[in-house]
There are 2 protein chains.
Amino acid sequence: MRLSVEQRRTALAHAALTVIARDGLAAATTRAIVAEAGMALASFHYAYESRVELLRDVIRLVLEGERDAVGALLDLPEADFATLIRGGLGAYVGNLREAPGREQGMLELTFHSLREPALEGMALEQYAHYRALVTGLLLAAAERCGMRWLQPVEQLARFVVTCTDGLTVAWLVDHDDAAIEPQLDLIAAALLTQAQPTGEHP
Amino acid sequence: MRLSVEQRRTALAHAALTVIARDGLAAATTRAIVAEAGMALASFHYAYESRVELLRDVIRLVLEGERDAVGALLDLPEADFATLIRGGLGAYVGNLREAPGREQGMLELTFHSLREPALEGMALEQYAHYRALVTGLLLAAAERCGMRWLQPVEQLARFVVTCTDGLTVAWLVDHDDAAIEPQLDLIAAALLTQAQPTGEHP
DNA sequence: GTCTATAATGAGATAGAC
DNA sequence: GTCTATCTCATTATAGAC
């Protein structure tokens with residue numbers, strides 16, 4: 001069948017993400033990727049200039065997917081503020097447990113971006129995106145519950161991303177579910193100290 | 001000059017660590033490592049069975065170095081508890097700023113260990129070591145100030161390692177020194193809520 | 001547009017002279 | 001023990017037939 005360059009690029013980026021999540025970035029050679037996509041090796045270079053050009057698209061692909069996933073979350077359930085915050089953190093861990101290879105793959109891509117000149121700026125873009133998403137969630141949660149944040153939300157979002165990154169590494173290393181819980185409690189408590197009722201919803 | 005196998009292994013592990021910190025794990029080929037060590041390629045395989053066998057030694061080398069470095073820290077200065085905790089976190093960030101490539105390299109090694117069957121268990125060993133070191137520091141700080149921890153110190157140590165990992169990723173991505181500070185404050189505050197005076201030092 | 005075949009390079013590992 | 005030279009394999013990328 002005949003595919004447009006755009007279709008081929010999309011298919012390859014998806015295949016690459018699959019391979020990266022399953023086998024790691026180092027194993028995501030062009031050969032492994034085209035095998036996953038069911039294409040001939042030459043088709044890769046017809047669609048992409050080089051492997052790093054594909055990796056840029058992989059990162060952007062994931063960021064788009066996350067925006068959609070978080071967008072669906074913005075319709076927050078009825079719950080008290082503490083439950084909402086703690087539940088949000090728990091939801092991230094749930095996602096991590098469901099797709100650990102994917103989270104590890106994204107961190108591998110981040111580190112690779114930091115070493116590879118051709119990917120300069122991609123890690124920054126990635127993390128600016130993460131923080132923007134969390135900022136949106138923190139604002140939505142506060143509004144939902146008539147609370148306001150006591151320091152710039154961007155700072156708190158950065159703290160949340162820091163914590164989720166750390167939790168990701170820890171869980172990937174030992175898969176210790178029980179050990180995650182008290183950490184989530186500590187993080188949630190730290191966030192709660194940075195919020196107070198607006199007074200508009202008495 | 002003639003070197004014993006042991007001397008050669010040590011020299012190669014040190015050279016490997018240098019290359020990994022400077023250029024990344026992916027660039028730490030056997031060729032790059034022997035070049036750094038000023039050896040011939042064949043000498044590598046005289047000392048080591050394979051590349052992964054060397055990587056095991058690299059991880060162990062770093063862990064030993066950290067034990068020594070932390071050992072020197074255990075003689076804690078006279079200071080109030082909050083200052084000590086906050087200062088300890090700040091010290092880690094200082095180390096990160098001084099040797100960012102090294103910290104990135106260690107995370108790359110961790111992820112590589114998780115993907116490479118021949119390195120199975122190394123990541124666990126690495127993180128058990130990190131947590132043990134932090135546990136020692138937390139206990140020493142509490143004792144120094146007549147405080148006791150309100151939950152198992154191992155849990156708190158795990159939380160600290162989680163946070164430092166997250167901070168490492170964040171700082172490696174954007175090198176934003178200013179943005180680190182409020183996060184350290186949040187983390188330190190979270191820890192302080194988990195300690196109280198023993199009453200033995202009133 | 002798609003494929004097979006192949007170039008060009010760099011990797012880990014080894015043989016064998018000294 | 002140490003070296004040069006080489007093997008073998010996997011990689012990215014390209015040429016050129018269809």
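Small disclaimer: the values here were computed from a predicted structure and weren't measured. Residue numbers begin at 1 in each chain, while the letters A, B, ... track the order of the sequences.
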Which parts of nucleotides 3-10 of chain D does protein reach within less than 4.0 Å, heavy atoms only, written one letter per nucleotide 5' to 3' as B for base, S for sugar-phosphate only and - for none?
BB------
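With rounding to the nearest 0.5 Å, the separation of CD in Gln155(A) from OG1 in Thr135(A) is 11.0 Å. Expressed to the nearest 0.5 Å, how far CZ of Arg148(B) lies from OG1 of Thr198(B) amounts to 8.5 Å.
Among residue pairs with one or both ends in residues 73-93 of chain B, those qualifying as ring-ring contact (aromatic ring centres under 6.0 Å, His included) are Phe81(B)-Trp149(B); sequence neighbours excluded. Contacts classified as salt bridge (charged side-chain N to carboxylate O under 4.0 Å, His left out) and involving residues 44-56 of chain A (residues at least two apart or in different chains) are given here: Arg9(A)-Glu53(A). Evaluation of the salt bridge (charged side-chain N to carboxylate O under 4.0 Å, His left out) test over residues 107-123 of chain A, restricted to residues two or more places apart or in two chains, returns Glu108(A)-Arg115(B), Arg115(A)-Glu108(B). Within the structure, side-chain hydrogen bond (donor to acceptor under 3.5 Å, both in side chains) contacts touching residues 61-72 of chain B (residues at least two apart or in different chains) do not occur. The ring-ring contact (aromatic ring centres under 6.0 Å, His included) analysis of residues 162-192 of chain B, with sequence neighbours excluded, yields the pairs Trp171(B)-His175(B).
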Indicate every side-chain donor-acceptor pair of residues 12-24 of chain A with a distance under 3.5 Å to a residue at least two apart or in another chain.
from     : atom 1 : to       : atom 2 : distance (Å)
His14(A) : ND1    : Thr10(A) : O      : 3.0
Thr18(A) : OG1    : His14(A) : O      : 3.1
Arg22(A) : NH1    : Glu36(A) : OE1    : 3.1
Arg22(A) : NH2    : Glu36(A) : OE1    : 3.2

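Taking atom CD1 on Ile33(A) and atom C1' on dA13(D), their separation rounds to 14 Å, with Å as the unit. Atom-to-atom, NE2 of His45(A) to C1' of dT6(C) comes out at 13 Å; the value is rounded to the nearest Å. Rounded to whole Å, atom P of dT2(D) lies 15 Å from atom CZ of Phe44(B). Atom-to-atom, CG of Leu3(A) to P of dG1(C) comes out at 10 Å; the value is rounded to the nearest Å.
Looking at residues two or more places apart in sequence or on another chain, you find no salt bridge (Lys or Arg N to Asp or Glu O under 4.0 Å) involving Glu98(B). For His45(B), the ring pair (Phe, Tyr, Trp, His ring centres under 6.0 Å) criterion is met by no residue, not counting sequence neighbours. Under the salt bridge (Lys or Arg N to Asp or Glu O under 4.0 Å) criterion, Arg158(A) pairs with Asp174(B), Asp176(B), sequence neighbours left out.
Against DNA chain C, the stretch residues 50-61 of chain B makes heavy-atom approaches under 4.0 Å through Ser50(B), Arg51(B). Near DNA chain D, meaning a heavy atom under 4.0 Å away, there are no residues from residues 12-21 of chain A.
For dT2(D), neither phosphate oxygen OP1 nor OP2 lies less than 4.0 angstrom from any side-chain nitrogen or oxygen of Tyr46(B).
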